[in-house]
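Worth knowing before you read on, the calculation uses all heavy atoms, side chains too, and leaves out hydrogens, waters and symmetry mates.
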Amino acid sequence: MKNTQDLYSEHPKIPVAVDCVIFGYEDDELKLLLYPRRFAPHKGEWSLMGGFVQEDESMEETVERVLQLTVGLERIYVDQVGAYSDPTRDPGGRVISMAYYALIRIDEHDKALVDRKGGKWWPITERPDLIFDHNKMVEDALESLQNK
């Protein structure tokens with residue numbers, strides 16, 4: 001019998017990523033947490049927080065890792081927005097992404113740490129244009145948030 005890993009060797013290996021849409025509430029205003037992308041393509045442009053799912057972790061574990069490492073957020077409730085799989089969504093290569101969203105009270109988290117990690121809270125109505133299909137993810141997350 002073949003090794004289990006060999007059973008799928010004829011199929012493409014496509015990276016899977018997560019993207020995190022973090023809404024914050026502060027001073028009666030809804031905000032969105034963004035950060036400048038740290039690598040190509042689109043280095044320096046505004047992005048959601050995200051990362052690739054590692055072989056030994058679930059998507060939810062990836063979300064926890066990404067939020068902790070990039071902006072220091074821990075133990076926040078997240079919900080799935082949906083999958084984004086357009087073959088051309090990322091100019092760096094074929095990547096499937098699962099988006100998650102959360103709504104937090106900004107005053108209950110360490111804003112100085114977010115600043116040190118490069119994050120910025122943008123009023124939802126003043127957010128900049130985002131890379132890839134991140135604008136669509138934000139719109140879909142807003143709709144999900146409103147439906148809840």
Side-chain angles (χ1 to χ4, degrees), residues 3-25 30-106 108-111 113-148:
N3 178 322
T4 305
Q5 292 177 353
D6 295 337
L7 292 176
Y8 303 115
S9 63
E10 296 176 19
H11 299 283
K13 303 293 186 243
I14 299 171
V16 177
V18 299
D19 286 296
C20 304
V21 183
I22 306 301
F23 298 114
Y25 193 73
L30 185 64
K31 296 182 178 181
L32 177 65
L33 184 56
L34 301 173
Y35 80 101
R37 186 165 164 99
R38 295 184 179 129
F39 53 90
H42 299 289
K43 183 176 181 177
E45 294 182 43
W46 290 105
S47 171
L48 297 171
M49 284 130 321
F52 289 100
V53 177
Q54 301 302 304
E55 289 184 16
D56 64 342
E57 63 186 5
S58 68
M59 284 191 231
E60 293 77 13
E61 290 169 330
T62 304
V63 169
E64 289 177 20
R65 176 177 52 82
V66 165
L67 291 176
Q68 209 297 311
L69 290 175
T70 58
V71 290
L73 295 176
E74 294 181 325
R75 293 181 283 285
I76 62 172
Y77 174 79
V78 296
D79 206 356
Q80 237 178 48
V81 176
Y84 297 81
S85 61
D86 183 319
T88 62
R89 64 171 295 276
D90 185 332
R94 175 79 165 113
V95 177
I96 295 172
S97 184
M98 181 64 72
Y100 290 80
Y101 76 96
L103 175 62
I104 66 170
R105 285 186 40 179
I106 296 173
E108 292 180 354
H109 295 277
D110 188 345
K111 288 197 287 187
L113 182 57
V114 169
D115 289 343
R116 284 193 307 275
K117 299 274 186 168
K120 179 176 178 184
W121 288 102
W122 289 83
I124 197 72
T125 57
E126 299 172 18
R127 68 185 187 269
D129 194 39
L130 305 177
I131 65 169
F132 310 150
D133 51 2
H134 291 191
N135 290 309
K136 172 80 169 124
M137 291 177 185
V138 171
E139 292 303 320
D140 291 349
L142 273 171
E143 185 177 326
S144 292
L145 183 64
Q146 289 168 347
N147 289 335
K148 287 218 173 198

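Of the possible polar contacts, none joining the His134 side chain to the Ser47 backbone as a donor-acceptor pair under 3.5 Å is found. Between the side chain of Glu74 and the backbone N or O of Gly72, no donor-acceptor pair lies under 3.5 Å.
Leu48 contributes atom CG, which lies 6.5 Å from atom CG of Leu32 (distance to the nearest 0.5 angstrom). Taken to the nearest 0.5 Å, the OH atom of Tyr8 stands 9.5 Å off from the NZ atom of Lys13. Note: Cys20 SG to Glu64 CD = 10.5 Å, rounded to the nearest 0.5 Å. For the atom pair CG of Leu130 and CE of Met137, the computed distance is 10.0 Å after rounding to the nearest 0.5 Å. Annotation: the span from Arg65 atom CZ to Phe52 atom CZ amounts to 10.5 Å, rounded to 0.5 Å. Ile131 contributes atom CD1, which lies 8.5 Å from atom CZ of Arg89 (distance to the nearest 0.5 angstrom).
Residues satisfying the side-chain contact (heavy atoms from CB on, under 4.5 Å) test with Ser58, not counting sequence neighbours, are Glu60, Glu61.
The two atoms that bring Asp110 and Leu113 nearest to each other are OD1-N, 3.1 Å, heavy atoms only. Summarising the geometry of Thr62 relative to Gly51, their closest heavy-atom pair is CG2-O, 4.0 Å, with the distance given to 0.1 Å. Nearest approach of Leu34 to Pro128, heavy atoms of both residues: CD1-CD, 3.7 Å.
Between Tyr35 and Val71 the shortest side-chain heavy-atom distance does not fall below 4.5 Å. Residues Asp86 and Asp133 fail the side-chain proximity criterion, which asks for heavy atoms closer than 4.5 Å. The shortest distance between side-chain heavy atoms of Leu73 and Leu33 falls below 4.5 Å. The closest side-chain heavy-atom distance from Ile22 to Ile76 is below 4.5 Å. Using a 4.5 Å heavy-atom cutoff, the side chains of Leu142 and Val21 are not in contact. In this structure the side chain of Ser144 never reaches within 4.5 angstrom of the side chain of Asp79, judged on heavy atoms.
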Which donor-acceptor pairs under 3.5 Å do side chains of residues 37-45 form with protein atoms, sequence neighbours excluded?
unit_1	atom_1	unit_2	atom_2	d
Arg37	NE	Phe39	O	3.1
Arg37	NE	Pro41	O	2.7
Arg38	NH2	Lys117	O	2.3
His42	ND1	Glu45	OE2	3.1

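A salt bridge does not link Glu126 to Lys120: none of the charged nitrogens lies less than 4.0 Å from a carboxylate oxygen.
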Can you list the steps and then say if Asp140 with Tyr84 is a side-chain hydrogen bond (donor to acceptor under 3.5 Å, both in side chains)? CA-CA 11 Å; Asp140 291 349; Tyr84 297 81; 2.6 Å; yes
Applying side-chain contact (heavy atoms from CB on, under 4.5 Å), run through Leu67 and Val78 and close with a yes or a no. CA-CA 11 Å; Leu67 291 176; Val78 296; 4.3 Å; yes
